[in-house]
Amino acid sequence: MTIPNEHLSEDGSTGSKDIVLQVRNLNVYYGDFLAVKDVTMDVKKNSVTALIGPSGCGKSTFLRCLNRMNDLIMGASVKGEVMFENRNLYDDDVDATEIRSRIGMVFQKPNPFPKSIYQNIAFGLKVNGFDGDMDEAVERSLRQSALWEEVKDRLGDSAFALSGGQQQRLCIARALAIEPEILLMDEPASALDPIATLAIEDLVRDLKTRYTIVIVTHNMQQAARVSDETAFFMVGENRSGYLVEHDDTQKIFTNPTNPRTEEYITGRFS
Amino acid sequence: MGSNNPTSGQLRPRRVLRRTIGGFVYAAFLLSVCVGIVGLMVLLYEVLTTGLPWLNWQFLTDYPSRHPEEAGLFSAIMGTVWLMAMTAIFTVPVGVGAAIYLEEYAPRNLFTRIIEINVANLAGVPSIVYGLLGLALFVTWFELGRSILAGSMTLSLLVLPIVILASREAIRAVPDSYRQAAYAMGADQWQVIKGVVLPSALPGILTGTILAMSRAIGEAAPVIAISALVYLTFIPSHPMERFTVLPIQIYNWVARPQDEFRGLAAAGIIVLLVILLSMNAIAVFLRNKYQIRSEE
Amino acid sequence: MPREDFERNLKGLEDDVVQLSSRVENAIFKSIEALKERDITASQKVVDDDDVIDEEQQAIEDRCIDLIALEAPMAGDLRVLIAAMMVANELERMGDYAEGIAKISLSMGNLPPLKPLIDIPRMADKSVDMLRRSTQAFVNRDVESATAVLLADDEVDDIYEQVYRELLTYMMADPSTIQRATYLLWVAHDLERVADRTTNIAERVIYLVTGETKIEYPR
């Protein structure tokens with residue numbers, strides 16, 4: 001579980017990983033207000049990175065910038081770079097919709113479409129011009145999110161007939177159907193009961209072998225359980241959020257470097 | 001609930017007084033409802049007793065005639081059908097399209113705001129004004145004559161604000177979380193609208209359209225302005241022909257001196273009411289059916 | 001203040017550790033006094049009192065486990081609890097050594113003294129001093145003091161070497177002294193182990209402050 005250093009090692013078994021996303025001096029504005037200040041960090045391939053911090057620290061805003069979902073908010077603008085596959089996502093010639101099919105997102109409150117289970121998953125495939133075997137693709141996605149056995153006999157049922165935890169797994173399946181490289185999750189379990197939450201966490205641990213995951217959570221125990229690396233954000237002056245510390249999860253939770261991180265993690269933060 | 005609480009000594013409920021007031025208020029509101037219902041009942045009673053004797057199959061399939069016994073609604077009914085169909089053809093695409101533009105594409109600036117205000121105002125313009133507009137614009141300037149085409153275009157303008165408003169409400173009611181989910185999968189704006197927003201908004205749009213149409217059916221003033229008070233004994237076979245509609249025919253009969261025609265007029269009103277109520281019922285039924293499905 | 005209850009519990013835990021350390025200090029001191037004075041009653045008391053030490057250590061351990069389960073401690077808090085648990089464990093073992101010395105006193109009974117005890121009490125003083133200093137370092141989170149304790153162990157080891165050679169000389173010169181010499185050797189050995197354990201405590205203190213589990217001894 002150790003992630004030693006940045007460069008590739010010959011012996012892949014020690015787990016050193018490529019970097020799949022590089023954020024450089026990212027500043028996010030809503031109009032004139034600086035919401036997120038000067039963030040620089042790397043995301044490693046096939047890892048789970050947790051973003052933690054108090055409310056208003058900009059972690060969700062930051063997450064949404066990684067697949068340009070933040071563009072949809074009126075007045076939002078960005079300075080800095082997000083490098084993915086040697087391109088800056090924010091270059092003028094980059095198509096945001098294409099990025100979103102490579103970097104997917106799952107939201108806090110499960111939001112399946114008011115369609116059948118099958119149609120929910122087929123939607124993303126159709127939108128991206130999928131011309132293969134739809135049934136097989138739908139099954140594959142549902143298996144990946146550990147939902148297939150529970151719904152295989154009722155794919156035509158409305159998505160709303162599922163429980164909250166199942167709906168969220170459906171949303172995950174829907175996002176995975178188009179096989180993104182990176183999956184962004186914005187507090188995916190916070191609207192769910194404890195058992196459903198643990199199911200989602202198990203799922204995240206499974207998925208990281210095939211995908212790279214960045215997950216925002218306000219639950220520190222969850223971040224500790226699920227992630228390989230943790231990034232701690234804080235609210236700074238003028239209510240701008242900034243990155244305080246980013247390190248191996250094991251280090252952050254046993255011996256963080258920055259005293260503010262220690263304060264937050266031990267709950268002495270008020 | 002202890003006497004340790006400093007406020008408890010100062011709370012004096014005056015329960016009896018409040019209960020009396022409550023009773024009066026209830027009675028007053030009940031009365032308001034009753035006024036409306038009683039008025040409606042009286043009206044219906046009048047219409048039904050006068051008109052029912054004249055209502056039979058022959059009445060529905062005969063053309064108007066000077067002789068009351070032979071008079072019928074056929075041309076008016078067919079004219080209404082033609083008019084409604086063509087109005088729908090114009091109204092729905094334009095109205096829904098405008099609603100989509102305003103809700104999904106338009107930026108939140110002054111220009112958009114001006115459009116919104118105007119659309120809302122247009123809904124309140126008296127229908128005769130639309131009639132005169134249609135007369136000047138479609139009948140005369142476009143040289144369409146007193147045709148169904150001109151009539152339907154005029155009625156379109158009349159009910160367009162209703163369709164736009166209803167469609168906008170329906171589109172606005174689609175939770176933003178659906179759009180977010182769709183965008184997050186790499187859909188572009190039109191794909192989001194086509195695949196997620198419109199299917200969800202469809203029941204609302206449908207309901208709004210039906211209600212708009214049912215308003216249009218009953219409008220006499222603008223149609224009279226376009227088509228004049230005609231006495232037609234044929235049914236239209238193409239859009240450029242002259243036409244008559246139920247409200248006009250009813251008015252025609254009301255204006256005649258003979259008593260029998262009053263009965264015929266009442267019968268015509270019954271037919272009109274039946275059509276209107278059915279349309280409204282369908283609208284309500286559809287709204288309920290789709291509301292249940294999407295709220296599961 | 002956030003987590004007031006938890007803070008209070010942590011402070012209470014530290015106080016318990018300090019108290020246990022005092023008790024152990026006292027036990028070692030008394031056991032050596034009893035050995036010097038050949039005081040059977042005093043030795044027996046040390047043996048009996050070891051139960052109290054065991055109980056207190058168990059209480060500290062239980063309290064730590066509860067706090068870990070209920071408060072989900074992270075980072076610094078976690079290290080404090082782990083350190084406290086391990087320090088208490090070391091203290092209990094040191095208490096056992098004190099008991100061991102007392103039992104040897106009882107075994108020696110009325111045998112005539114082999115020689116005046118000089119080096120052994122010296123070892124005891126140094127070990128007790130190391131214990132006191134490492135406990136202080138724990139309370140004060142003082143890495144420097146803890147490191148100093150690590151270095152002080154050498155002195156005790158040196159004295160032990162001396163005692164060992166001296167007793168060996170006695171035994172080789174006169175076999176009838178073997179029994180008493182062996183007893184005394186045992187006592188010295190126990191004291192050397194006590195000093196050793198205080199260095200473990202010092203290492204835990206360094207872990208608590210720095211988070212490092214591998215401690216480099218400065219030479």
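Residue numbering restarts at 1 for every chain, and letters A, B, ... go by the order of the sequence lines.
Residue C:Y164 places its OH atom among 12 or fewer non-hydrogen atoms of other residues, nucleotides or ligands, all under 6.0 Å distant. By the neighbour-count criterion of 12 heavy atoms within 6.0 Å, atom CZ of A:R210 is densely surrounded, having more than that number from other residues, nucleotides or ligands. Around atom NZ of A:K251, more than 12 heavy atoms belonging to other residues, nucleotides or ligands sit under 6.0 Å away. Sparse packing is recorded around CZ of A:R239, with 12 or fewer heavy atoms of other residues, nucleotides or ligands lying under 6.0 Å away.
Counting only distance, with no hydrogens or angles, the side chain of A:E262 and the backbone of C:G76 share a donor-acceptor pair below 3.5 Å. In terms of modelled atom types and a separation under 3.5 Å, the side chain of C:R3 and the main chain of A:R268 share no donor-acceptor contact. The closest donor-acceptor contact from the side chain of A:N255 to the backbone of C:T210 lies under 3.5 Å.
Note: A:T266 OG1 to C:M74 CE = 10.0 Å, rounded to the nearest 0.5 Å.
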